[in-house]
Structure formats: C-alpha cells, structure tokens
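Remarks on the structure that follows.
Just so it is clear, the values below take in all heavy atoms, side chains as well, and ignore hydrogens, waters and symmetry mates.
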Amino acid sequence: GATVVFSFPVLNELNLDPGSDLAGYLNALSSIGIPIISNLEDYVMADEYFFDTHYHLNDTGVQIRTTQLISDLKSTILKP
C-alpha cells in the first residue's frame, strides 16, 4: 500500500549551468512513471545556505529545505 514519489535534492544555484537542459531532465524523470511532487525551482538555493560543499546545507538551509519538502508531501498526501 506504499506510494513512491520523487522530490528533488537541493541544488546550489552557483553550480547550475545556465545552458543546462532542465526541461529535458524533467521530461526524462516524468518518463519513469514516478509522480514528481516538487518544483525543481523550489530546491535551488543560494550559496549562503550551504555549509562546506555544494551538497551540505547549513542549519538555516536545512530548515528551509525541510519545510519545503513537508509542504510538498502534505500537498500530495492531502490531495482529494
């Protein structure tokens, strides 16, 4: 009875290539048949929210990302 959903990892805006094909990335994810519950843009964060690498958030970044993920999950779970 479990449901599998996909949400994005946090991305440092400084690491995004301006010419990257995000639409192609999203299309490829859609083709695997797992519901995407988040907007990619909501998981792109400023460098100030990262700790020591582009993968580790600081305390403020963790709070922002966790709040966003909870919101995305609630929106999915509470859909009529």
Side-chain angles (χ1 to χ4, degrees):
T3 300
V4 175
V5 295
F6 181 87
S7 182
F8 297 97
V10 68
L11 301 170
N12 188 324
E13 67 184 2
L14 294 180
N15 280 356
L16 290 180
D17 179 2
S20 62
D21 183 17
L22 294 180
Y25 174 63
L26 293 173
N27 286 337
L29 283 174
S30 297
S31 71
I32 63 174
I34 297 173
I36 299 170
I37 64 166
S38 304
N39 293 317
L40 177 60
E41 296 81 17
D42 292 336
Y43 289 85
V44 176
M45 298 178 72
D47 189 56
E48 68 189 83
Y49 296 115
F50 291 82
F51 178 60
D52 58 349
T53 70
H54 296 291
Y55 304 103
H56 297 125
L57 294 170
N58 61 26
D59 290 343
T60 303
V62 167
Q63 184 62 42
I64 292 169
R65 195 231 187 232
T66 300
T67 300
Q68 182 63 52
L69 182 58
I70 289 169
S71 174
D72 293 341
L73 287 167
K74 281 184 177 178
S75 294
T76 301
I77 292 168
L78 301 177
K79 279 186 180 175

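In the hydrophobic clustering of this structure, L16 does not group with V10; members are Ile, Leu, Val, Met, Phe, Trp, Tyr whose side-chain heavy atoms approach within less than 4.5 Å, directly or through other members. Both L40 and L73 sit in one connected hydrophobic cluster of ILVMFWY residues. Membership requires side-chain heavy atoms under 4.5 Å apart, directly or through other members. Using a 4.5 Å cut-off between side-chain heavy atoms of Ile, Leu, Val, Met, Phe, Trp and Tyr, with links allowed through other members, L11 and V62 fall into different hydrophobic clusters. Placement of V44 and I36 within a single hydrophobic cluster is found when ILVMFWY residues are connected by side-chain heavy-atom separations under 4.5 Å, directly or transitively. Taking hydrophobic clusters as Ile, Leu, Val, Met, Phe, Trp and Tyr residues chained together by side-chain heavy-atom distances below 4.5 Å, Y55 does not share a cluster with L14.
Heavy-atom contacts from other residues, nucleotides or ligands closer than 6.0 Å to OH of Y43 number more than 12. Residue N27 qualifies as enclosed at atom CG: its count of foreign heavy atoms under 6.0 Å is above 12.
For the pair I37 and T76, the tightest heavy-atom approach, listed with the atom from each and the gap, is CG2-OG1, 3.1 Å. In terms of heavy atoms, Q63 sits closest to T67 at O-OG1, 2.8 Å. Here the closest heavy-atom approach between residue Y49 and residue T60 is recorded as CE2-CG2, 3.5 Å. Between N12 and A46, the closest heavy-atom pair is OD1-C, 4.5 Å. The shortest heavy-atom contact between L57 and R65 is CD1-CB, 3.8 Å. Here the closest non-hydrogen pair linking E13 and D47 is OE2-N, 4.3 Å.
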Legend entry - Residue pair I70, T66: steps toward the side-chain contact (heavy atoms from CB on, under 4.5 Å) verdict: CA-CA 6 Å; I70 289 169; T66 300; 3.8 Å; yes
Inset, instruction - Decide yes or no on side-chain contact (heavy atoms from CB on, under 4.5 Å) for Q68 and I64, but give the supporting numbers first. - result: CA-CA 6 Å; Q68 182 63 52; I64 292 169; 5.6 Å; no
Inset, instruction - Output, in order, the C-alpha distance, side-chain angles, deciding distance and verdict of side-chain contact (heavy atoms from CB on, under 4.5 Å) for L29 and F6. - result: CA-CA 9 Å; L29 283 174; F6 181 87; 3.6 Å; yes
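In this structure, CG on D72 lies 5.5 Å from OG on S7, to the nearest 0.5 angstrom.
The closest donor-acceptor contact from the side chain of N58 to the backbone of G61 lies under 3.5 Å.
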